[in-house]
Each structure stands twice: as C-alpha cells, then as structure tokens.
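Written out below as structure tokens is the structure these notes cover.
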Number of protein chains: 4
Amino acid sequence: MDDITDPANLPRRKLSREERRLQLIEATISVIAENGFARTTLGEVARRAGLSHGLANFHFESKEKLLAATLDHLSDEYRANWQAALAVAGPHPADRIAALIAADFAPVICTPDRLAAWCAFWGEAQSRPLYQAHCGSNDAEYQRLLDGLCRELLALGGYPGDAVRMARVLRVTTEGVWLDLMTMQAPYDRDEALATVWAVAAAFFPRHFGPEGRLTV
Amino acid sequence: MDDITDPANLPRRKLSREERRLQLIEATISVIAENGFARTTLGEVARRAGLSHGLANFHFESKEKLLAATLDHLSDEYRANWQAALAVAGPHPADRIAALIAADFAPVICTPDRLAAWCAFWGEAQSRPLYQAHCGSNDAEYQRLLDGLCRELLALGGYPGDAVRMARVLRVTTEGVWLDLMTMQAPYDRDEALATVWAVAAAFFPRHFGPEGRLTV
Amino acid sequence: MDDITDPANLPRRKLSREERRLQLIEATISVIAENGFARTTLGEVARRAGLSHGLANFHFESKEKLLAATLDHLSDEYRANWQAALAVAGPHPADRIAALIAADFAPVICTPDRLAAWCAFWGEAQSRPLYQAHCGSNDAEYQRLLDGLCRELLALGGYPGDAVRMARVLRVTTEGVWLDLMTMQAPYDRDEALATVWAVAAAFFPRHFGPEGRLTV
Amino acid sequence: MDDITDPANLPRRKLSREERRLQLIEATISVIAENGFARTTLGEVARRAGLSHGLANFHFESKEKLLAATLDHLSDEYRANWQAALAVAGPHPADRIAALIAADFAPVICTPDRLAAWCAFWGEAQSRPLYQAHCGSNDAEYQRLLDGLCRELLALGGYPGDAVRMARVLRVTTEGVWLDLMTMQAPYDRDEALATVWAVAAAFFPRHFGPEGRLTV
DNA sequence: GATGAATGAGCCTTCATTCAT
DNA sequence: GATGAATGAAGGCTCATTCAT
C-alpha cells in the first residue's frame, strides 16, 4: 500500500517548495499568454502544471499572490538577463548600449509566451499597482542606467539632442516591436525586430552604430 | 410621482438606438480604462451609463459584441482623426508625417481613458482575433500610408536607411509613449510625449524636422 | 403621411381583436411544438406571428393567459371535431365509436404541431391546473360519451368485459399512438396509427369491428 | 462550533462522486415531477438535495448533462426492472408478457415522481434528441422483445391479428394509463391501471389471459 | 392599436477559496 | 504536502412585463 517502488507512487513524490512554485509560475505565464489575463484561472494553471486545483492556493495563498510572484519572476529574469549581458560587454557606452539592446531579444527573454505575459500585465489596469510594486524599481534602475549611458555617449560623440528622450525612445521602441510581435497577424521575425531598434540607435549615434548592425567604434 | 425632473424617471426616457449605443460604448471605454479588461462587466458598464444591465444586451446582444463595437468605435475615431489631420496638411511628405505624428497626440484621441482602452485591447490575448477583425484593415492602411511618406521623404532628402523600418519606429514610438503614459507612476505630459516622437523624426530626417519641434522645409 | 393608399401602410392595418388573438395562438402552438414548453417565449411567438414583442401582452395580458387561451383553443377545436363527426354518424353505437376513433386522426386534428402541443401540455406539471381548468370538462364529457357508447355496444353485442375499462383503453391507445408519432425517430404513419386503435376495437367488439378497418354491422 | 451533529456542518461532509450524483439525480426527478421541465432549475435541484448549486455543476458540468444523466438513470432503472421480472418468469410467452405488464406497475417504477418525470421528458420537444440518444436503444430492445413474445403467443394460440400492432397497443396502453395517473384530477389507482392493461391482453389472447387478472394457461 | 426601448428578476455558469480527508 | 469535494459570490444572458411614444 505504501510501497515506494510502486510506480503509481512516483508522480506523487513531493517536490520542494521552490520547485513547485516555479512549476506553477511557468504554467501561469503560459496560461496568461494563451488565454489572456481575463481568462487565466487557477484551475487552468493547475491543470497545465499537472497539479491539483487546491495546490496553487496552498503554495501562493491566493490568485493575486500567484500573479504577483509571476510578475516578480519575469521582472527578475529580465533584470538578470541584461545584467549578465552588461557583465560581458566592453566599457564603452556604445558597447553597453548595444549589449542592452541585444539582450532584449535574447532567445530566453524574447519568447512568445513571455512577451504575451508582459503585454498582459501592461494592458491590465487592474495590475498596474501590482506592476508598480513589483517592477517599478527594476524599471527605474534600467532607465537610470540607459539614461546615463546615452548621456555619456552623447558627450563622447558630440551628438546633439536630449539623452533622456533618446534613452526613452530606445526603450519604447523595444516595447513597441514586442507589441508588434504579439499583435500583428504576420509579424516580422526577431532579427528584424532587433534591426529596427538598432536603426534607432544608428540614427541617434551614427558614428557609433553602423547601418549593418555593427558597432563602428 | 410624475415629476419629469425626478432623476429616477430619466433612465426610462427613450433614446434612439444610435444614441444609446454610443452612450454604452463610452461607458465601456471608461470602465475598461479604470478596471481593466478582466474586470469589465456588463453590470459596471450599465451602472456607469446610468442604465439597466439588460439594456446593454438588448442593444448589443452580448458582451463580446459590445466590446467589438467599442473597438470599432475607437478604431474609426482614430482613423477619422488622422484623416482629418491629413486633409489640412500640406502636400510635402514632411508636412504629412508631422501631421500624422501630431494627430496621435490630439486632445480628443490622447485621452487617459482611450489610451488605457487601447492598451487593454492590445494586452489581452483573448481580444487578439477581435482586434485583427476590427482594426486590422485600419492599421494596415495607416502603415501603408506612413511607409509611402517615409519612402518619399527619404528620396527627396537623400537620406540613408530603410523606409519601412523608419515608419515602423515612428509608429511604435507613439505606441510606446502611450504605454508610458499608462504604465508609469509619474509619467511625463503629452507635450513631452509628442516631443519624444518628434525626436525620432528629427534623427531620421534632420534637415526637415528641426530640434525645436518645427518643420524646417 | 396618412395616405391610406400608400402600400407601406397596408401591413399596419389594424386587425380585429379576434383575428390577432387567433394569429398569436397559432404562432404559440407552432412555437411550443418546435421549441417545447421551456423555450417558448413571447418574443418568439410574436416573431413567428410577424408582430411586435409588446403586442402579445397587449392582447393576452400575460404569458400565462396566452397559454391558457392556446389550450382553450386546442380543446375547443378537438371537441368541435368529434362533435361534427358524431353529427354525421349513424345512430348505432358501433357507428358512433368508429366515428370518434376516426375523428382523432382527422388531418385537421392530427397535425404534428398540434400533437406536439398536446404532449407539451400533458407533460408539463406546471400546466396541470391549467389543463384541468381548461380541458377538464371537455375531457369528462368525451369520456362519459365513450363510456356510454361502449356500455350500449356491450349490451347489444353480448360482449363480456368492463365498459369503462374498454372506453379507457380506446382513449389511451389514441393518446399513446399520438405520443409515438411524436417520440419515435421513424414513426409509422397516420393510417397505421388509426389501424392500431381500430385493432383494439376489433379485439373488444369482434362482431362489429372487422379486421379490415370496416364496420360489420 | 465543531459539533459534528450540527446540521450546518453536514453538507460539508464529503461523499463519493457516485453517491452525490445519485443524490442529485433523485432530487432532479423530484423537481421535474413537481415543477415541470420548464421550471426545473439547478438552484431548486440543489436546494432539494440540501447542497449548494455550485455542486451540481461540479458533478455534472451543466444542467443539460444533469438532465441527460437523470434520463439515463430512469431508463436504466426501467430496463433493470423488467429484466429482473423476466428472469423470474416462466418460459411461456404468456407468462413473459404478463411479467412485463406487471413490471410496469411495480411500486419502485410506478411512482408519482417517476411517472411525472417520464411524462415531462416525453412532452418536451427540447428533450426529444436527448430522449432518443439516451432511451432509444432501450426502447427498441423492449419493443423487439414484446413483438417477439406476441408473435410466439399468436402462433401458439392460433389467434388472428398483427403481432406488432398488438405489442404496440400493450405498450401504449401502459403509457396511456400512466398519463392518466398524471393528468386526471381524481385518477384510479395502480391496481385499476394494471387491470386496464390486462384487459387489453385478455381481449387479444382470451384463452391465456383470464378476465380476473389470472393466467389461464 | 401598435411599437420597441427599458427594466429587473431569475437562471446557468465560472471560479476563487475553504477544508475534510 | 496533496487532493478534490464543497461553497457562494459574481458574471453573462434571457425574458416577462411595463410604458413612452
């Protein structure tokens, strides 16, 4: 009855807290991406994770907290991604800006599921306080960093213009092409998306960002 | 009891089909903006319009169709706005591009409610087929137009670069700053938003779009 | 504006009270037959009658009363039918019983719509008081008549058995084959239905009801 | 507060799936019988079962499927009843026909609630496809059996007549007296109902079915 | 008479949450 | 830890009824 060698007992083996949480968070991203915020239910999340209905509540206490944890996960993952990219980038501001741009289209980050989940969080007014609470500081950190890099490169290159606006354009262009990838019926591919953001950098910093997607420092 | 000024008697006043539909659509935009897609209920829409919930179904048959009609309304309104702007713009491509950019930030269009509603429709996976069906052709028309104008201006000004990408950047930058206006805790104002998009145009077409938000043809 | 020769005014011409009522009752029978009791709505009845929604209530005050009037109509029609059949039948009890049986399968009465409506009224518990109130006396009259005829024929023919039971069997067999016509996937036709009831009469009164559906008095 | 005898705690007691399903099906039969098809609501069914309305959907997914399960239950119960009766009946066709007739008036089957529910399913056009899908095969099996028995007895006894029609009359007479029990204000009792069907058998097969409800083989 | 907009009660269904096992 | 039965609030929708026009 309690034979641990019985295969029927195997699926029931208890996973660690953290493993279960991650499993449920990934399922949540997937469900949000596919069904949208409005039709994301705990039941569907649990089903996709191959778990029972009640377990999601057991691990996260409430749907609200599961969504918050999901947003946290996405935000941390995003931050870790660009930080890793920065770590291996050269010291020149153009290098670092290029690294940040490229990082946004890394295969781990620029996944259909993850893009759709981001869009859902942006679009849902209900989630705005959630978003502020969980991504606000990460976003602000990113923005300060990009602002600084643009200011440095502006000074180095003697370019005209407003660094804050340029940083903003770089950021929102990325978000915009992400939206395109979600919204359009026959969207362009990830390379074209990256090239589009690169074109912005090339327009702002023509002597550093070449037309062919290469740095020309 | 028969006091016609009694507000309780007002809802029973009959309006024409079109007036009621518009009233309900405006209420829908308002509710989506405030509560998000997931928490937009027929009941709340009706309450905000000061009507009974049954009336929404009477006029639109279902929630789905009310949302579709709302999206149609937004889409038509947006299209009418930029077409009107084009109608009074000069023939030069720079004039026309500037008109299109400015139109996106017209007070009628760039309303908090309307921006939030647009974002909600973009973000909700559930509404993607709806969006395609109701805005797809308008979007495509806008994009073709902007593509053509960029191509003309590129040729006229002897600028380097890819017209399609430039048109795309102009469009997604607008969407991006709209998102900022929705997402940020302390967003910049509409003028700064417009200036941001203008900065893109100035970077792409420096001899036509001056740094001060003025055409320099 | 009030040109009576304008063809557009023709469909609006006001019908007499009785014509409208009949029109609505026929529509009700049709809707009950097709959709069943549970899905019979005033709206559908009005639509099928080609009239406006509110008119049904205007003429019948409530749905309940429309159904009652429909049942009255069916009941009166049924009664009128067998009374007419009796009026032209000979005086012999066998003649009169045969006339009653045949009357139940007259093309005017034994219509799919009407059968289905009868079944609906029988089946719907809710309508049982309604049924009693509106058909009870007609049913009782019919039953007394048939009881009497069976008693006479029993005496005349020297048959054994209980007249009341025989009358009951004749009646319920008719109802039963009606139900068959409604319930079965591939029911037999009206002639076979009539032959079935005739077979009962032939079993009870073999010297009067021949095997070939002919009286053998 | 934790008193297990407190009735308020009872509903929270968990039962197995099958027990709950049966409980809800019995409640459904009862509500259909009392209120009719049109006024059978999940809420009323749940209330009568002493459960929450959500549970009905939990166990049956939809009202439609609850009704289908109810019909299945009735149909299986009916079939099991006459099969059990056949199992203990003698081999002679008259014995078997008599067993079938008597089975239809067994106290378990011929309950007011169950009769009313049957009538409701017959009468409601909406439920006709449901009926075909769930009772069609059982009905056909019963009919084939009765056809065969009548044919055998006809041959054995040298009776004139059409076996199929006789079988049909036996069946519809049963249904008809059932309807009487439902429809009439002061119906006769179950014994008289049985005697009525017996009278039919006696008329068809006089040398086997005696006038006193006894087989005379 | 006739129309159809408007109301609101009531239904079916979904789903977050609780909790006995 | 894990399961899944049970609850009940809330949402979408239908429809009988009312009533201004």
Side-chain angles (χ1 to χ4, degrees), chain A residues 11-17 20 38-46 51-64 66, chain B residues 2 4 9-17 19-20 38-46 50-64 66, chain C residues 11-17 20 38-46 51-64 66, chain D residues 2 4 9-17 19-20 38-46 50-64 66:
Chain A
R12 294 271 185 127
R13 112 194 123 83
K14 296 163 184 175
L15 289 182
S16 78
R17 227 182 148 64
R20 280 281 186 247
R39 294 192 183 168
T40 292
T41 68
L42 285 188
E44 181 59 25
V45 167
L51 298 174
S52 79
H53 187 170
L55 205 54
N57 262 310
F58 181 84
H59 280 290
F60 290 95
E61 291 179 68
S62 74
K63 183 187 183 183
E64 177 84 1
L66 169 60
Chain B
D2 274 273
I4 200 168
N9 290 331
L10 283 182
R12 198 74 199 213
R13 275 256 307 292
K14 288 185 170 184
L15 289 181
S16 76
R17 272 191 105 73
E19 286 171 295
R20 276 283 182 253
R39 294 193 183 167
T40 292
T41 68
L42 283 188
E44 183 58 27
V45 168
L51 300 170
S52 74
H53 67 268
L55 200 55
N57 270 311
F58 178 81
H59 282 291
F60 292 95
E61 290 179 75
S62 74
K63 184 188 181 184
E64 174 89 11
L66 170 59
Chain C
R12 294 269 184 127
R13 114 193 122 83
K14 298 162 183 177
L15 289 181
S16 77
R17 224 180 152 67
R20 280 282 187 244
R39 294 192 183 168
T40 292
T41 68
L42 285 188
E44 182 58 26
V45 168
L51 299 175
S52 79
H53 187 169
L55 205 55
N57 263 310
F58 181 85
H59 280 290
F60 289 96
E61 291 178 69
S62 75
K63 184 186 181 182
E64 179 85 359
L66 169 60
Chain D
D2 274 274
I4 201 168
N9 290 331
L10 282 183
R12 198 75 200 212
R13 274 257 306 295
K14 288 184 170 186
L15 289 181
S16 76
R17 274 191 103 74
E19 286 171 296
R20 276 282 182 254
R39 293 195 182 166
T40 292
T41 69
L42 283 188
E44 184 57 28
V45 168
L51 300 169
S52 74
H53 66 267
L55 201 54
N57 270 310
F58 179 81
H59 282 290
F60 291 95
E61 290 179 74
S62 73
K63 184 188 181 183
E64 174 89 12
L66 170 60

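What you see is a predicted model; the values in this text were computed from it and never measured. First the proteins, then the strands, lettered A, B, ... as listed; each starts at 1.
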Specify the residue among A:Phe58 and C:Ala38 whose closest nucleotide of DNA chain F lies further upstream toward the 5′ end.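 The residue whose closest nucleotide sits nearer the 5' end is A:Phe58.
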
C:Arg39 or B:Glu44: which one's nearest nucleotide on DNA chain F is closer to the 5' end?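 Its nearest nucleotide being more 5', the pick is B:Glu44.
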
Want to settle it: does C:Ser52 or A:Leu42 sit nearer the 5' end of DNA chain E, counting the closest nucleotide to each?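 Final value for this comparison: C:Ser52.
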
Which residue, D:Glu64 or C:Leu51, contacts DNA chain E at a nucleotide closer to its 5' end, judged by nearest heavy atom?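 By nearest-heavy-atom nucleotide position, the 5'-most residue is C:Leu51.
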
Please classify the nucleic acid contact of [X] as base, sugar-phosphate, or nothing, using heavy-atom distances under 4.0 Å.
X: D:Ser16; result: nothing
X: A:Ser62; result: sugar-phosphate
X: D:Leu55; result: base

Whole Å only: how far is the [atom1] atom of [X] from the [atom2] atom of [N]?
X: B:Glu61; N: E:dA5; atom1: CD; atom2: C1'; value: 15 Å
X: D:Lys63; N: F:dC13; atom1: NZ; atom2: C1'; value: 14 Å
X: C:Phe60; N: F:dC15; atom1: CZ; atom2: P; value: 20 Å
X: A:Asn57; N: E:dT17; atom1: CG; atom2: C1'; value: 6 Å

Counting Watson-Crick and G-U wobble pairs only, both distances under 3.5 Å, name the nucleotide matched with E:dA20, or none.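 WC or wobble partner is F:dT3.
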
Ignoring hydrogens and geometry beyond distance, is a side-chain donor-acceptor pair present between C:Glu44 and C:Thr41 at under 3.5 Å?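 On atom types as modelled, these side chains do not qualify, holding no pair under 3.5 Å.
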
Does the side chain of [Y] come within less than 4.5 Å of [X]'s, by heavy atoms?
X: D:Arg17; Y: D:Phe58; result: yes
X: B:His59; Y: B:Leu55; result: yes
X: D:Val45; Y: D:His53; result: no

C:Ser52 and C:Ala46: which non-hydrogen atoms are nearest, and at how many Å?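 Between these two residues, the closest heavy atoms are O-CB, 3.5 Å.
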
Phosphate contact (E:dA6 OP1 or OP2) by B:His53 side-chain N/O below 4.0 Å: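 For B:His53, the contact criterion (side-chain N or O under 4.0 Å from OP1 or OP2 of E:dA6) is not met.
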
Tell me whether the side-chain N/O atoms of B:Arg20 come closer than 4.0 Å to OP1 or OP2 in E:dA5.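 For B:Arg20, the contact criterion (side-chain N or O under 4.0 Å from OP1 or OP2 of E:dA5) is not met.
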
Of all the nucleotides listed (E:dA5, F:dA2, F:dG12), which has the minimum atom distance to the side chain of B:Arg17?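 Out of E:dA5, F:dA2, F:dG12, the nucleotide with an atom closest to B:Arg17's side chain is E:dA5.
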
